[in-house]
**Q** 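What follows is a single structure, and I will ask about it in a moment.
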Amino acid sequence: VAGLERLCRIFGSAEYLEKKMQDWSDDVFFLELWNELQERVRKNTSGGKNVVGPMSVAEVAERTSQAVAETFSNGPKQPSATTADGALFDETASAYRRLRQRSENIIISTFSSEVQSALKPYTRVSTWSSLSAPAASNYPHPPTPDLTSAIRVLSANATFLAGALGSAPLHRIIRNVLLSVQSYLWDNVLLRHTFPTAGASQLASDVEHICSVVDSALGHHHNYASSFSSRRVMRKLGDGLTLLCLRISPQSGPVEQDSNVLVAEKALGLWEAEKRLFANNESAREVLAELELDNLTEAEARAVLERRVEVRS
């Protein structure tokens with residue numbers, strides 16, 4: 001959190017100064033300076049030299065706006081048409097924008113790396129196939145002990161960022177971190193281990209805990225109840241887990257889906273899904289459409305279903 005705090009100070013300062021440069025550019029005083037500068041450039045007869053004291057057009061443009069150079073290249077004719085769009089503090093605002101973007105990227109990288117480091121013990125869990133089948137009514141199940149460290153990191157960092165950043169940058173950063181977590185779990189857990197029904201249900205429950213922790217951290221500071229959902233960001237992983245959690249005997253009758261639950265039970269059996277998925281691409285697409293799994297390709301769906309112990313045997 002201490003590292004994120006320093007990065008957020010840089011981000012916040014750069015964001016504030018970028019907006020301040022834009023505000024100053026619209027100020028009457030600076031607008032008059034800008035118009036006078038444009039007029040000097042149009043009337044310059046020294047080949048672009050000595051526009052402001054000893055400064056050339058290129059030097060002025062580097063410190064103010066590239067529109068200055070465009071005005072000079074247009075020449076003195078038709079003054080009303082040669083005033084290029086621009087403002088006095090364009091280059092300064094751009095410099096702060098680059099600093100803001102760079103600091104935001106470093107925040108994302110730092111947060112993502114810390115979460116992935118905390119998830120390493122979880123990727124080495126080898127007891128998925130030996131888990132006893134939990135009761136469906138107890139979902140979500142208690143989180144796997146090896147997930148505790150990652151949940152703590154996610155909660156602490158997301159809570160801090162929610163209090164330190166505005167809604168828009170917070171949304172962008174958390175979204176990118178969750179996409180990183182999704183990719184990490186997909187490659188290092190979902191596609192690396194094999195799962196019976198109980199193991200698949202536990203993995204889905206663990207991902208549900210991750211989503212709940214992040215949404216809870218954001219909810220304390222921002223009204224994200226309707227505008228942001230970790231489950232929607234990690235929809236690909238959710239679709240993969242829905243497929244992984246298919247029951248051998250499908251539930252009869254209509255299935256009620258709760259939008260707050262990452263994995264919804266589908267009225268399609270494991271064996272029927274396996275048969276149709278591996279038949280051909282057209283049949284696989286029909287299965288994915290029937291299950292409403294819009295974020296998986298046919299190849300990804302087959303790779304996921306192959307992680308079920310029953311299918312592999």
**Q** As an exercise, state the distance from CZ of F11 to CD of E104, rounded to the nearest 0.5 Å.
**A**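 Nearest 0.5 Å value for the CZ-CD distance: 5.0 Å.
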**Q** Are L277 and L243 packed together at the side-chain level, in the sense that at least one heavy-atom pair is separated by less than 4.5 angstrom?
**A**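 Yes, side chains in contact.
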**Q** Is the shortest heavy-atom distance from the side chain of Q66 to the side chain of E91 under 4.5 Å?
**A**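 They are in side-chain contact.
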**Q** If we ignore angles and hydrogens, is there a donor and acceptor under 3.5 Å between the side chains of D206 and Q202?
**A**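 There is such a pair between these side chains.
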**Q** Could R235 and D239 be called an ion pair, given the rule that one side-chain N must be under 4.0 Å from one carboxylate O?
**A**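 Yes, this pair counts.
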**Q** Report the C-alpha distance between T242 and L291 in whole Å, list the side-chain angles of each, state the deciding distance to 0.1 Å, and finish with yes or no for side-chain contact (heavy atoms from CB on, under 4.5 Å).
**A** CA-CA 9 Å; T242 296; L291 294 174; 5.7 Å; no
**Q** What do the steps show when you test E39 against E36 for side-chain contact (heavy atoms from CB on, under 4.5 Å), and what is the final call?
**A** CA-CA 5 Å; E39 189 66 22; E36 181 181 343; 5.5 Å; no
**Q** Would you mind reporting whether V189 and L119 have side-chain heavy atoms less than 4.5 Å apart?
**A**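 L119 does not reach V189 side chain to side chain.
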**Q** side-chain contact (heavy atoms from CB on, under 4.5 Å) for D187 and R192? Distances and angles first, verdict last.
**A** CA-CA 7 Å; D187 293 335; R192 185 168 292 184; over 6 Å; no
**Q** Can you check whether S229 reaches M234 side chain to side chain, under 4.5 Å on heavy atoms?
**A**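 When only atoms from C-beta onward are counted, M234 and S229 do not touch, as no gap falls below 4.5 Å.
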**Q** Using every non-hydrogen atom in the two residues, find where F195 and L190 come nearest and quote the distance to one decimal.
**A**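 The answer is CE1-O, 3.6 Å.
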**Q** Can you give me the closest heavy-atom contact between E5 and F160, atom names plus distance?
**A**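 Looking at all heavy atoms of both residues, the closest pair is CA-CZ, 3.4 Å.
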**Q** Under 3.5 Å, is there a donor-acceptor pair between the T197 and R308 side chains?
**A**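 Note: T197 and R308 side chains meet the donor-acceptor criterion.
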**Q** Checking T297 against R302: is there a side-chain donor and acceptor pair closer than 3.5 Å?
**A**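 Not at all, the side chains of R302 and T297 share no donor-acceptor pair under 3.5 Å.
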**Q** Testing the basics here: between V287 and L268, what is the closest heavy-atom pair and its distance to 0.1 Å?
**A**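 That closest heavy-atom pairing would be CG1-CD2, 4.1 Å.
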**Q** With heavy-atom distances below 4.5 Å as the criterion, would you say the side chains of V304 and W186 are in contact?
**A**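 Yes, at least one pair of side-chain atoms sits under 4.5 Å.
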**Q** Does the ring center of W128 lie less than 6.0 Å from the ring center of Y122?
**A**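 Under 6.0 Å, so yes.
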**Q** Would you indicate whether R172, at its atom CZ, is surrounded by more than 12 heavy atoms from other residues, nucleotides or ligands within a distance under 6.0 Å?
**A**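 Atom CZ in R172 is packed in, count exceeds 12.
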**Q** Nearest 0.5 Å, please: how far is NZ in K120 from OG in S149?
**A**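 S149 atom OG to K120 atom NZ measures 12.0 Å (nearest 0.5 Å).
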**Q** I'd like to know if R124 and D146 make a salt bridge, using a cut-off of under 4.0 Å between side-chain N and carboxylate O.
**A**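 No, no charged N to carboxylate O under 4.0 Å.
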**Q** Between P142 and H209, what is the shortest heavy-atom contact and its length?
**A**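 Scanning both residues, the minimum pair turns out to be C-NE2, 4.0 Å.
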**Q** CG of L4 to CZ of R9: how many Å apart, nearest 0.5 Å?
**A**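 The CG atom of L4 sits 12.5 Å away from the CZ atom of R9.
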**Q** State, with a plain yes or no, whether a side-chain heavy atom of W271 is found less than 4.5 Å away from one of E310.
**A**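 With C-beta onward as the side chain, the pair touches.
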**Q** Applying the side chain to side chain contact (heavy atoms under 4.5 Å, CB included) test to I174, which of L218, L165, I108, V233 qualifies?
**A**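 Option passing the side chain to side chain contact (heavy atoms under 4.5 Å, CB included) with I174: L218.
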**Q** Just so I know, are the side chains of E286 and E290 near enough to count as touching, which here means a heavy-atom distance under 4.5 Å?
**A**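 No, side chains not in contact.
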**Q** What is the minimum heavy-atom distance between A303 and L191, and which atoms define it?
**A**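 Heavy atoms of A303 and L191 come nearest at O-CD2, 4.0 Å.
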**Q** Where do S230 and D215 come nearest, in terms of heavy atoms and distance?
**A**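 Scanning both residues completely, I find the closest heavy atoms to be OG-OD1, 2.7 Å.
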**Q** What distance separates I248 CD1 from E272 CD, expressed to the nearest 0.5 Å?
**A**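 Reported value, rounded in 0.5 Å steps: 14.0 Å.
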**Q** Taking the side chain as every heavy atom from C-beta outward, state whether L305 and F278 have any pair of such atoms under 4.5 Å apart.
**A**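 Contact flag for L305/F278 side chains = yes.
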**Q** Using a strict 4.0 Å threshold on nitrogen-to-oxygen distance, state whether R100 and E15 make a salt bridge.
**A**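 Not counted as a salt bridge, because no side-chain N and carboxylate O are separated by less than 4.0 Å.
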**Q** Given V115 and Y184, is the side-chain contact (heavy atoms from CB on, under 4.5 Å) satisfied, shown in steps?
**A** CA-CA 10 Å; V115 175; Y184 189 80; over 6 Å; no
